[in-house]
Amino acid sequence: VYTLGAFVSPVGFLLMAYSFLLTPPERTFVPAKAFWNTMHFTVSFLALSSFVVVSAASLMYLIQERQLKKHTVTGWGKRMPDLDTLDNLFYRSLVFGFPLITVGIGSGFIWSASRYGSMFGPNPERILPIMFVWLIYAVLVTGRSIFGWRGHQIAMLSAIGFAAAILALGIHLY
(Lines give C-alpha, C1' and ligand atoms only; values in the text may rest on other atoms or scores of the structure.)
Protein backbone atom coordinates (compact mmCIF):
# COMPACT_ATOMS: atom_id res chain seq x y z
CA VAL A 1 0.00 0.00 0.00
CA TYR A 2 2.44 2.59 -1.28
CA THR A 3 0.06 5.53 -1.45
CA LEU A 4 -0.50 5.32 2.31
CA GLY A 5 2.87 7.02 2.81
CA ALA A 6 1.54 10.18 1.18
CA PHE A 7 -1.04 10.40 3.96
CA VAL A 8 1.07 9.17 6.89
CA SER A 9 4.39 10.96 6.34
CA PRO A 10 3.15 14.55 6.79
CA VAL A 11 1.27 13.62 9.96
CA GLY A 12 4.33 11.89 11.39
CA PHE A 13 6.51 14.88 10.61
CA LEU A 14 4.07 17.32 12.23
CA LEU A 15 3.74 15.19 15.36
CA MET A 16 7.51 14.86 15.75
CA ALA A 17 7.99 18.60 15.24
CA TYR A 18 5.27 19.35 17.78
CA SER A 19 6.84 16.98 20.30
CA PHE A 20 10.31 18.40 19.74
CA LEU A 21 9.19 21.98 20.18
CA LEU A 22 7.17 21.37 23.34
CA THR A 23 9.49 19.08 25.29
CA PRO A 24 11.59 21.15 27.68
CA PRO A 25 15.26 20.11 27.67
CA GLU A 26 15.53 20.35 31.46
CA ARG A 27 13.26 17.35 32.09
CA THR A 28 15.11 14.91 34.29
CA PHE A 29 13.80 11.79 35.96
CA VAL A 30 14.89 9.57 38.80
CA PRO A 31 16.57 6.52 37.17
CA ALA A 32 14.44 3.93 39.02
CA LYS A 33 11.30 5.60 37.73
CA ALA A 34 12.69 6.26 34.26
CA PHE A 35 11.79 2.74 33.07
CA TRP A 36 8.06 3.40 33.35
CA ASN A 37 8.41 6.82 31.78
CA THR A 38 10.42 5.44 28.86
CA MET A 39 7.95 2.60 28.42
CA HIS A 40 5.03 5.05 28.52
CA PHE A 41 6.55 7.31 25.85
CA THR A 42 7.69 4.47 23.60
CA VAL A 43 4.51 2.42 23.67
CA SER A 44 2.29 5.51 23.40
CA PHE A 45 4.28 6.70 20.38
CA LEU A 46 3.85 3.30 18.71
CA ALA A 47 0.12 3.36 19.47
CA LEU A 48 -0.25 6.83 18.01
CA SER A 49 1.74 5.73 14.96
CA SER A 50 -0.63 2.85 14.36
CA PHE A 51 -3.59 5.21 14.76
CA VAL A 52 -2.06 7.46 12.11
CA VAL A 53 -2.16 4.43 9.79
CA VAL A 54 -5.76 3.72 10.85
CA SER A 55 -6.73 7.31 10.13
CA ALA A 56 -4.90 7.39 6.79
CA ALA A 57 -6.49 4.11 5.70
CA SER A 58 -9.93 5.36 6.69
CA LEU A 59 -9.37 8.67 4.87
CA MET A 60 -8.24 6.78 1.78
CA TYR A 61 -11.30 4.54 2.15
CA LEU A 62 -13.65 7.54 2.26
CA ILE A 63 -11.98 9.17 -0.77
CA GLN A 64 -12.03 5.94 -2.75
CA GLU A 65 -15.65 5.23 -1.79
CA ARG A 66 -16.77 8.71 -2.82
CA GLN A 67 -15.04 8.45 -6.19
CA LEU A 68 -16.58 5.04 -6.81
CA LYS A 69 -20.07 6.30 -5.97
CA LYS A 70 -19.67 9.23 -8.38
CA HIS A 71 -18.12 6.93 -11.02
CA THR A 72 -15.19 9.35 -11.33
CA VAL A 73 -12.06 7.48 -10.33
CA THR A 74 -9.25 9.84 -11.23
CA GLY A 75 -5.74 10.74 -10.10
CA TRP A 76 -5.04 9.24 -6.72
CA GLY A 77 -8.11 7.07 -6.90
CA LYS A 78 -6.45 4.96 -9.57
CA ARG A 79 -3.37 4.47 -7.38
CA MET A 80 -5.20 3.71 -4.16
CA PRO A 81 -5.78 0.14 -3.04
CA ASP A 82 -9.26 -1.31 -3.31
CA LEU A 83 -11.75 -0.87 -0.46
CA ASP A 84 -11.23 -4.39 0.94
CA THR A 85 -7.46 -3.89 1.18
CA LEU A 86 -7.95 -0.58 2.97
CA ASP A 87 -10.49 -2.15 5.31
CA ASN A 88 -8.07 -4.98 6.17
CA LEU A 89 -5.20 -2.52 6.70
CA PHE A 90 -7.45 -0.44 8.91
CA TYR A 91 -8.39 -3.47 11.02
CA ARG A 92 -4.83 -4.78 11.39
CA SER A 93 -3.51 -1.39 12.45
CA LEU A 94 -6.38 -1.01 14.89
CA VAL A 95 -5.76 -4.42 16.44
CA PHE A 96 -2.05 -3.58 16.72
CA GLY A 97 -2.55 -0.10 18.22
CA PHE A 98 -5.30 -0.71 20.76
CA PRO A 99 -3.27 -2.97 23.09
CA LEU A 100 -0.38 -0.54 22.77
CA ILE A 101 -2.46 2.44 23.89
CA THR A 102 -3.75 0.33 26.78
CA VAL A 103 -0.19 -0.53 27.88
CA GLY A 104 0.87 3.09 27.30
CA ILE A 105 -1.87 4.40 29.57
CA GLY A 106 -1.15 1.73 32.18
CA SER A 107 2.57 2.46 32.24
CA GLY A 108 1.78 6.17 32.46
CA PHE A 109 -0.38 5.48 35.50
CA ILE A 110 2.40 3.46 37.14
CA TRP A 111 5.00 6.14 36.41
CA SER A 112 2.72 8.89 37.67
CA ALA A 113 1.95 6.96 40.87
CA SER A 114 5.65 6.41 41.53
CA ARG A 115 6.50 10.05 40.88
CA TYR A 116 3.53 11.92 42.33
CA GLY A 117 1.89 9.36 44.61
CA SER A 118 -1.29 9.40 42.51
CA MET A 119 -2.16 7.58 39.30
CA PHE A 120 -3.51 10.80 37.82
CA GLY A 121 -0.57 12.98 38.84
CA PRO A 122 -0.90 16.64 39.74
CA ASN A 123 -3.25 17.43 36.81
CA PRO A 124 -5.95 14.76 36.43
CA GLU A 125 -7.78 16.87 33.83
CA ARG A 126 -4.93 16.12 31.41
CA ILE A 127 -5.65 12.39 31.64
CA LEU A 128 -9.40 12.46 30.90
CA PRO A 129 -9.08 13.28 27.17
CA ILE A 130 -6.65 10.36 26.77
CA MET A 131 -9.17 8.06 28.46
CA PHE A 132 -11.84 9.34 26.05
CA VAL A 133 -9.60 8.46 23.10
CA TRP A 134 -9.05 4.99 24.57
CA LEU A 135 -12.84 4.61 24.79
CA ILE A 136 -13.30 5.62 21.13
CA TYR A 137 -10.74 3.04 20.00
CA ALA A 138 -12.31 0.43 22.32
CA VAL A 139 -15.63 1.06 20.57
CA LEU A 140 -13.89 0.72 17.18
CA VAL A 141 -12.21 -2.57 18.11
CA THR A 142 -15.38 -3.97 19.68
CA GLY A 143 -17.56 -2.84 16.80
CA ARG A 144 -15.26 -4.33 14.21
CA SER A 145 -14.39 -7.56 16.06
CA ILE A 146 -17.71 -8.46 17.66
CA PHE A 147 -20.39 -6.67 15.65
CA GLY A 148 -18.66 -6.84 12.26
CA TRP A 149 -18.76 -3.12 11.56
CA ARG A 150 -17.17 -2.25 8.24
CA GLY A 151 -17.17 0.47 5.65
CA HIS A 152 -18.21 4.08 5.78
CA GLN A 153 -19.39 4.34 9.38
CA ILE A 154 -16.31 2.82 10.95
CA ALA A 155 -14.07 4.90 8.67
CA MET A 156 -15.84 8.06 9.84
CA LEU A 157 -15.59 7.02 13.49
CA SER A 158 -11.87 6.34 13.10
CA ALA A 159 -11.34 9.80 11.57
CA ILE A 160 -13.19 11.32 14.54
CA GLY A 161 -11.10 9.15 16.88
CA PHE A 162 -7.85 10.37 15.37
CA ALA A 163 -8.93 14.01 15.59
CA ALA A 164 -9.79 13.37 19.25
CA ALA A 165 -6.40 11.68 19.75
CA ILE A 166 -4.52 14.68 18.36
CA LEU A 167 -6.56 17.06 20.52
CA ALA A 168 -6.06 14.86 23.61
CA LEU A 169 -2.32 14.63 22.95
CA GLY A 170 -2.13 18.41 22.73
CA ILE A 171 -3.98 18.77 26.03
CA HIS A 172 -1.92 16.03 27.66
CA LEU A 173 1.45 17.46 26.63
CA TYR A 174 0.55 21.06 27.39
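Treat the numbers as computed from the prediction; the structure is a model and nothing was measured. No hydrogens, no waters, no symmetry mates; every other heavy atom, side chains included, goes into these values.
Of the inter-residue distances, the one linking His71 atom NE2 with Lys69 atom NZ reads 10.5 Å to the nearest 0.5 angstrom. Rounding to the nearest 0.5 Å places CG of Leu94 at 10.5 Å from CD1 of Ile101. For the atom pair Ile63 CD1 and Leu86 CG, the distance stands at 10.0 Å (nearest 0.5 Å). Considering CD1 of Ile105 and CE of Met119, their distance stands at 10.5 Å, rounded to 0.5 Å. Rounded to the nearest 0.5 Å, atoms CH2 (Trp111) and OG1 (Thr38) are 10.0 Å apart. Atoms CD1 and CG, from Ile110 and Asn37 in turn, are 12.5 Å apart once rounded to the nearest 0.5 Å.
Considering only residues two or more places apart in sequence or on other chains, Ser93 meets the side chain to side chain contact (heavy atoms under 4.5 Å, CB included) condition with Val53, Val54, Leu89. Residues passing the side chain to side chain contact (heavy atoms under 4.5 Å, CB included) test with Ala163: none are found, sequence neighbours excluded. Legend: residues meeting side-chain hydrogen bond (donor to acceptor under 3.5 Å, both in side chains) with Asp82, ordered by chain and number and at least two apart, are Thr85. Residues forming a ring-ring contact (aromatic ring centres under 6.0 Å, His included) with Phe120 (at least two apart in sequence, or on another chain): Phe109. His172 pairs by the side chain to side chain contact (heavy atoms under 4.5 Å, CB included) definition with His40, Arg126, Ile127, Ile130, not counting sequence neighbours.
Evaluation of the salt bridge (charged side-chain N to carboxylate O under 4.0 Å, His left out) test over residues 40-57, restricted to residues two or more places apart or in two chains, returns none. Within the structure, salt bridge (charged side-chain N to carboxylate O under 4.0 Å, His left out) pairs that include any residue of residues 163-172 do not occur (at least two apart or interchain). Sorted pairs that involve residues 38-60 and meet salt bridge (charged side-chain N to carboxylate O under 4.0 Å, His left out), not counting sequence neighbours, are lacking altogether. Applying the salt bridge (charged side-chain N to carboxylate O under 4.0 Å, His left out) test to pairs two or more places apart or on separate chains, none has a residue in residues 96-109. For residues 41-50, no pair satisfies side-chain hydrogen bond (donor to acceptor under 3.5 Å, both in side chains), with sequence neighbours left out.
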Can you give the donor-acceptor pairs under 3.5 Å from side chains of residues 131-146 to other protein atoms, not counting sequence neighbours?
from: Trp134; atom 1: NE1; to: Thr102; atom 2: OG1; distance (Å): 2.9
from: Tyr137; atom 1: OH; to: Phe162; atom 2: N; distance (Å): 3.4
from: Thr142; atom 1: OG1; to: Ala138; atom 2: O; distance (Å): 2.8
from: Arg144; atom 1: NH1; to: Asp87; atom 2: O; distance (Å): 3.4
from: Arg144; atom 1: NH1; to: Asp87; atom 2: OD1; distance (Å): 3.2
from: Arg144; atom 1: NH1; to: Asp87; atom 2: OD2; distance (Å): 3.2
from: Arg144; atom 1: NH2; to: Asp87; atom 2: OD2; distance (Å): 3.3
from: Ser145; atom 1: OG; to: Tyr91; atom 2: OH; distance (Å): 3.3
from: Ser145; atom 1: OG; to: Val141; atom 2: O; distance (Å): 2.9

Show the atom names and distances, to 0.1 Å, of all donor-acceptor pairs under 3.5 Å that link a side chain in residues 152-160 to residues at least two apart or in another chain.
from: His152; atom 1: ND1; to: Glu65; atom 2: OE1; distance (Å): 2.7
from: Ser158; atom 1: OG; to: Ser58; atom 2: OG; distance (Å): 2.8
from: Ser158; atom 1: OG; to: Ala155; atom 2: O; distance (Å): 2.8

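Under the 4.5 Å side-chain heavy-atom criterion for grouping Ile, Leu, Val, Met, Phe, Trp and Tyr, Tyr116 is connected to Phe35 within one hydrophobic cluster.
Looking at every heavy atom in both residues, Met39 comes nearest to Ser107 through C-OG, 3.9 Å.
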